[in-house]
Q: 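I am attaching a structure below and will ask some questions about it afterwards.
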Amino acid sequence: MKEQLAAIVTEVESAVPALEKRAAFEAFKATISGPNGKLTAAMKGMKDVPKEDKPAMGKLLNETKQQIEALYAATLERIEAAETAEKLGPPIDPTLPCPDIASGSLHPLTQTRRLMEAAFRKVGFTVAEGPELETEWFCFDALNTPEDHPARDAQDTLFLPEAAAVDNVTKHGSERYLMRSHTSTVQIRAMMKEEPPLRIISPGRVFRRDTTDATHSANFHQMEGLYVDKNVTVVDLKAILDYFVAEIFGKGSTVRLRPSFFPFTEPSFELDMKTPNLGKLSNQWIELGGCGMVDPNVFRHVGYDPEKWTGYAFGMGIERIAMIVHGIDDIRYFYQNDLRFLQQFA
Ligand code: PHE
């Protein structure tokens, strides 16, 4: 009987590695442990074992059974792993992008800002930045804006409570803090930092006490431009703006400068644009912003000699340009985070 059991173990050991499928495994298992199996037959043989040998033989029989069960378990585990691998298909490449997840895209205002930046960078402008939280001096005084100017009224600009003292904002006397109402503050910051010649643009968020409607928002975006050099004239201003609108709106686009007033430029103009490429809006004047020649008083505030230096400045609404380019009729769409709107610009 001993030899019989040893032979069964050897047989199982040598047979299981070749078993690939569950059906083959079950069929083989039946030949050993099934009702007519070899191990079952050996167990039945116990009754013929002499009484005194029974305990030893019983023990051996149990050990053999355990050994064989362990071989079965390992084999089954291997077969199941193979079945799972087959269900999963060929090995995956974890570096591939996931096919089911839509990737995000830039907000239309970001796209428009970058388009505008690219146009100005091409002709030598660099991007300058300034804080959204400002002081009255940077927003008004340094820009030659008198005490009684309407923009300095609490009805027009968002002032902060006196207690809100903030780091990195230089205070001039007892002035108030405010959310900048235009990007012209960056003109001052750029000139205080560097000597002329200077050629910068400055895109960013600005704030007004406006009631929100289709064309107004309490915060929106502007792009400022400033060029300071010797002998800069209105011709240079007109030329850069003509160049800019042709870059954004295509060939045949031109600008018109309409006399106006800003405290920080003299002369000052409203900036209008006309293009043949805009469907319904083609060939009619559309306002883009303001511009003019830098006022000598502004140069005095930043320590530039107004006898020596001349310059132009302009400011345009980024929303305004995005709305014209894409035919958007309500400024509020930009801020609602509605994917049905945003996905049109993906
Ligand atoms: N800062 C002005 C505004 O917000 C625009 C402007 C900028 C005008 C530069 C002239 C020069 O209305």
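Order of listing sets the numbers, starting from 1, for every ligand and every atom in it.
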Q: Ring centres of F244 and F249 under 6.0 Å apart?
A: no
Q: Under 4.0 Å from a heavy atom of G315: which atoms of ligand 1 are those, numbered in the order shown and with their elements?
A: 6 (C), 7 (C), 9 (C)
Q: Heavy-atom contacts with H182 under 4.0 Å: which atoms of ligand 1 show up? List them by number with element.
A: 1 (N), 4 (O)
Q: If we only consider heavy atoms of M316, is any one of them less than 4.0 Å away from an atom in ligand 1?
A: no
Q: Specify the protein heavy atom at minimum distance from atom 12 (O) of ligand 1: its residue, its atom name, and the distance to 0.1 Å.
A: F262 CE2, 3.8 Å
Q: Quick test of your reading of the model: are E83 and K87 salt-bridged, counting only N-O distances below 4.0 Å?
A: no
Q: If we set the cut-off at 4.0 Å for heavy atoms, which region of F264 has an atom near ligand 1: side chain, backbone, both, or neither?
A: side chain
Q: State, yes or no, whether a side-chain contact exists between T310 and M293 at a heavy-atom distance under 4.5 Å.
A: no
Q: Determine whether the aromatic ring centres of H149 and F140 lie less than 6.0 Å apart.
A: no
Q: State the CG-CG distance between L198 and L226, to the nearest 0.5 angstrom.
A: 5.5 Å
Q: Has ligand 1 got any nitrogen or oxygen that is less than 3.5 angstrom from a nitrogen or oxygen of S181?
A: no
Q: Please check if any side-chain donor atom of D229 sits under 3.5 Å from a side-chain acceptor atom of Y227, or the reverse.
A: yes
Q: Tell me which part of R208 gets within contact of ligand 1: side chain, backbone, both or neither, using heavy atoms under 4.0 Å.
A: side chain
Q: Near S184, which atoms of ligand 1 are under 4.0 Å from a heavy atom of that residue?
A: 1 (N), 7 (C)
Q: Would the distance check show the side chain of T145 and the main-chain N or O of L143 forming a donor-acceptor pair, the cut-off being under 3.5 Å?
A: yes
Q: Nearest heavy atom to atom 4 (O) of ligand 1 wins, so pick from E270, Q187, Q222.
A: Q222
Q: Could you tell me the separation between the NE2 atom of H182 and the OG1 atom of T157, rounded to the nearest 0.5 Å?
A: 8.5 Å
Q: Test of understanding: given a 4.0 Å heavy-atom threshold, classify the contact between C291 and ligand 1 as side chain, backbone, both, or neither.
A: backbone
Q: Which of the atoms in ligand 1, numbered in the order shown and given with their element, are less than 4.0 Å from a heavy-atom of F314?
A: 7 (C), 9 (C), 11 (C)
